[in-house]
Number of protein chains: 2
Amino acid sequence: MPATLKDVAREAGVNISTASRALNNAFGINVDTRKHVIKVAARLNYRPNQVARGLVTGRSNSLGLLISDIRNPFFAELARGAEDAAFNAGCDLVLCNSDQNAEKQMRYVEFLLAKRVGGIVMNSVTPLDEDQQDRLRAAGVPIVLLNVSSADRHSPAWRFSSVVADNLYGGEIAAKYLIGLGHKNIVHIAGPRTHGAFSDRASAFLKVFRENGLPKPRVVFGEHTFGAAYQSTKQLLGTDRNITAIFAGNDVIAFGCMRALMESGIRIPEDVSILGFDNVEMTQITSPPLTTIDQPKYETGKAAVEILLNMISKDGVREPEHRIIGVHLIERQSCRKISGAAVQDRRTAKR
Amino acid sequence: MPATLKDVAREAGVNISTASRALNNAFGINVDTRKHVIKVAARLNYRPNQVARGLVTGRSNSLGLLISDIRNPFFAELARGAEDAAFNAGCDLVLCNSDQNAEKQMRYVEFLLAKRVGGIVMNSVTPLDEDQQDRLRAAGVPIVLLNVSSADRHSPAWRFSSVVADNLYGGEIAAKYLIGLGHKNIVHIAGPRTHGAFSDRASAFLKVFRENGLPKPRVVFGEHTFGAAYQSTKQLLGTDRNITAIFAGNDVIAFGCMRALMESGIRIPEDVSILGFDNVEMTQITSPPLTTIDQPKYETGKAAVEILLNMISKDGVREPEHRIIGVHLIERQSCRKISGAAVQDRRTAKR
DNA sequence: TGGTCTATTGCAAACGTTTTCGATTATCTG
DNA sequence: CAGATAATCGAAAACGTTTGCAATAGACCA
């Protein structure tokens with residue numbers, strides 16, 4: 001139905017190839033004929049068929065964004081950064097939600113490959129087994145990974161690019177902050193153990209305690225969802241009401257904790273302090289506003305497609321590129337300094 | 001680099017067309033040759049080039065999702081519903097953020113048309129002038145609109161399909177609920193005046209007051225963002241500290257109001273009640289949890305692409321289809337019943 | 001045995017571009 | 001004015017599929 005290049009050429013009285021050249025402002029074409037062709041194209045409301053163009057050029061100028069769930073506000077912000085960067089480069093982003101389900105994730109990858117996307121930025125690759133990862137590498141399409149652990153990143157077998165927040169440093173900040181506040185009975189409610197970002201945060205967090213000869217905090221792994229965090233916290237409260245601070249693996253987890261705490265009549269931060277991670281927009285409107293560790297999400301998404309575009313322009317054969325995004329503490333009102341013994345007394349006395 | 005159909009055919013010792021037929025399990029092909037071709041294809045790790053296929057079939061089996069901002073949790077949930085439905089139908093979704101900017105929106109549309117998407121679900125079309133809307137209609141690609149006003153939907157010139165929440169009923173519920181609680185000094189902090197969903201909510205809201213002979217609440221229009229709502233509320237507080245209830249155009253606006261209220265030392269719901277709209281997930285974790293009007297977002301996105309797919313299969317020439325999604329009040333803890341005079345006194349006495 | 005029918009396969013055109021290569025013309029140089 | 005050079009354009013192949021049509025071959029029937 002839409003006008004084709006052939007139509008334009010016929011209408012302009014030139015050959016199809018000159019029409020093509022005129023519209024792609026190539027060299028070696030008369031300025032008058034170009035103007036004429038352009039005018040005719042505008043009149044016919046012609047727009048080049050990207051599908052046909054993609055077939056001959058081999059470039060589909062579209063990228064894939066494969067994350068676990070766009071409803072997670074972290075990914076929403078990241079996606080926005082990615083989409084903006086893609087659009088600026090004249091590419092489009094196809095959105096895929098994998099739920100971190102290995103089979104679904106692989107089906108999406110196949111899907112994207114069949115569509116001949118120029119590259120993929122993926123949430124993570126850890127649900128995939130070795131065989132699947134090999135197939136991914138063999139696909140020959142540039143891939144940028146998010147949320148990989150620092151261990152994976154430094155492994156020699158690792159051949160993917162990546163962009164991650166400095167989760168190790170983040171975990172360290174968290175520990176030092178909570179320790180500095182005088183907390184002794186701390187628990188870390190983390191995300192999935194297999195998830196690079198969460199495992200990095202957890203290990204760096206624990207490392208600080210170990211290195212300072214402090215008792216190791218309890219760590220509970222689980223899904224990084226509101227509901228799962230809520231359940232974990234409820235359960236925790238049933239076995240131990242002495243905890244004085246919670247380091248949540250991310251803000252959504254922190255929200256789940258807060259909800260459970262509120263329902264149990266436990267005050268924040270008077271009774272227990274909560275520290276989040278990510279600095280999602282909603283952290284400002286909870287009450288109390290959540291103290292958290294900021295991770296530039298928009299920039300992460302942006303950086304990911306920039307690396308992708310870079311790899312594409314360099315035509316694949318390249319060393320993987322790793323970018324680390326800085327994090328920093330944002331103090332709000334969900335953590336309080338405790339005068340150790342005093343608080344401990346109040347709470348133990350209560351039982 | 002990837003294996004092509006020609007490779008498969010050569011390797012299997014058959015013609016390219018039989019290879020095609022074998023893999024598309026068409027009729028009229030020997031069962032043995034089919035099995036053989038399939039085996040060879042698997043061995044070569046062949047996956048059909050969707051770009052080439054799209055060129056000849058004219059179908060690109062991809063859809064466009066053009067919204068204002070994926071960071072808005074409302075759209076994030078909607079996008080998930082849309083993406084799930086698209087994926088189930090073997091389509092992919094390309095994500096576009098327009099910021100409700102007319103020029104950007106139009107550029108995205110051109111972009112999607114050039115890519116020969118099968119259809120587009122768009123946030124809204126109101127930023128576009130008549131001329132642009134005509135071009136959209138003329139493009140001949142199925143379009144489903146979100147957030148259209150009921151006025152537009154019933155206009156005979158309107159030729160787009162749509163799926164919207166029952167915003168008129170929602171506005172009505174809101175008014176009746178707040179009135180029933182005994183509130184007299186109510187303000188409605190709405191989204192943009194030109195936005196169908198917000199204008200419907202506002203007009204239905206006001207209509208209830210008018211029909212019951214009650215004084216007309218103040219309405220302030222603005223951006224439907226956290227920051228804008230925060231500013232509006234701050235400003236409002238400067239001129240009128242007697243307000244007793246706020247009906248927010250949506251939850252994000254409600255969050256902005258809450259933040260401004262909190263900062264001014266005003267308690268919710270003791271001093272002022274807040275009623276939201278949308279029932280975003282975060283409404284559960286604010287304190288107090290937000291009373292709001294639930295709008296099924298996931299279902300909205302799902303319904304939108306279902307209509308789209310339906311239109312595509314019916315090959316365009318169809319009456320536009322409109323679907324209205326039901327809404328209902330969810331009572332939480334951000335609204336309180338007031339005994340009119342008493343509260344009024346306390347507050348005026350304060351000044 | 002010859003003819004018709006059916007099942008299976010091959011041939012080639014088509015989809016709408018880009019791009020290489022050669023052809024044509026115009027311009028310039030001596 | 002002849003030849004060379006440059007500028008401009010056209011012809012055609014190519015990208016990887018699908019698909020209408022023709023061709024082949026065997027099967028069946030008379």
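Residue numbers begin at 1 in each chain, while the letters A, B, ... track the order of the sequences.
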In whole Å, I'd like the distance from the [atom1] atom of [X] to the [atom2] atom of [N].
X	N	atom1	atom2	answer
A:Leu5	C:dT18	CG	P	7 Å
A:Ile29	C:dT25	CD1	P	18 Å
A:Arg21	C:dT17	CZ	P	15 Å

Any ion pair linking [Y] and [X] (charged N to carboxylate O, less than 4.0 Å)?
X	Y	answer
B:Arg80	A:Asp69	yes
A:Asp32	A:Lys35	no
B:Asp134	B:Arg159	no

What is the minimum heavy-atom distance between B:Ser98 and B:Leu66, and which atoms define it?
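Closest heavy-atom pair between B:Ser98 and B:Leu66: CB-CD1, 3.8 Å.
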Just by modelled atom types, is the A:Asp7 backbone N or O under 3.5 Å from a matching donor or acceptor in the A:Thr4 side chain?
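Side chain of A:Thr4 to backbone of A:Asp7: no pair is present.
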Between the main-chain N or O of A:Val14 and the side-chain N or O of A:Thr18, is there a donor-acceptor pair closer than 3.5 Å?
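Flag not set: sc A:Thr18 to bb A:Val14 has no pair under 3.5 Å.
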Does the side chain of B:Asn30 get closer than 4.0 angstrom to OP1 or OP2 of C:dA7 through an N or O atom?
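So the side chain of B:Asn30 is outside the cut-off, no N or O lying under 4.0 Å from OP1 or OP2 of C:dA7.
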Look at the aromatic rings of B:Tyr108 and A:Phe87 and report parallel, tilted or perpendicular, splitting at 30° and 60°.
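Ring orientation, 0 to 90° scale: parallel.
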For DNA chain C, which residues of residues 44-58 of chain B approach it to below 4.0 angstrom with any heavy atom?
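Heavy-atom contacts with DNA chain C come from B:Leu55, B:Val56.
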Using a heavy-atom distance cut-off of less than 4.0 Å, which residues of residues 108-119 of chain A contact DNA chain C?
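Under 4.0 Å from DNA chain C: no residue of residues 108-119 of chain A.
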Nucleotide range of DNA chain D contacted by chain B, 5' to 3', under 4.0 Å to a heavy atom?
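So the outermost contacting nucleotides come out as D:dG16 to D:dG20.
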Near A:Lys115 NZ, under 6.0 Å, is it more than 12 heavy atoms from other residues, nucleotides or ligands?
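Enclosed: over 12 neighbouring heavy atoms sit under 6.0 Å from NZ of A:Lys115.
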Have a look at B:Thr4 and say if it touches a base, only the backbone sugar-phosphate, or nothing, with a 4.0 Å heavy-atom cut-off.
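Sugar-phosphate contact only.
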Find which nucleotide of DNA chain C each of B:Asn15 and A:Ser17 is nearest to by heavy atoms, and output the residue with the more 5' nucleotide.
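Looking at the nearest nucleotide for each, B:Asn15 comes out on the 5' side.
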Side-chain H-bond candidate by donor/acceptor type, A:Asn45 with A:Arg43, under 3.5 Å
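Side-chain D/A pair, A:Asn45 to A:Arg43: absent.
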Check whether any side-chain heavy atom of B:Val163 lies under 4.5 Å from a side-chain heavy atom of B:Glu321, and answer yes or no.
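Result no, sub-4.5 Å side-chain heavy-atom pair not found.
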Which residue in the set A:Asn147, A:Asn72, A:Asn97 passes side chain to side chain donor-acceptor pair (under 3.5 Å) when paired with A:Asn123?
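So, applying the side chain to side chain donor-acceptor pair (under 3.5 Å) to A:Asn123 and each of A:Asn147, A:Asn72, A:Asn97, only A:Asn147 qualifies.
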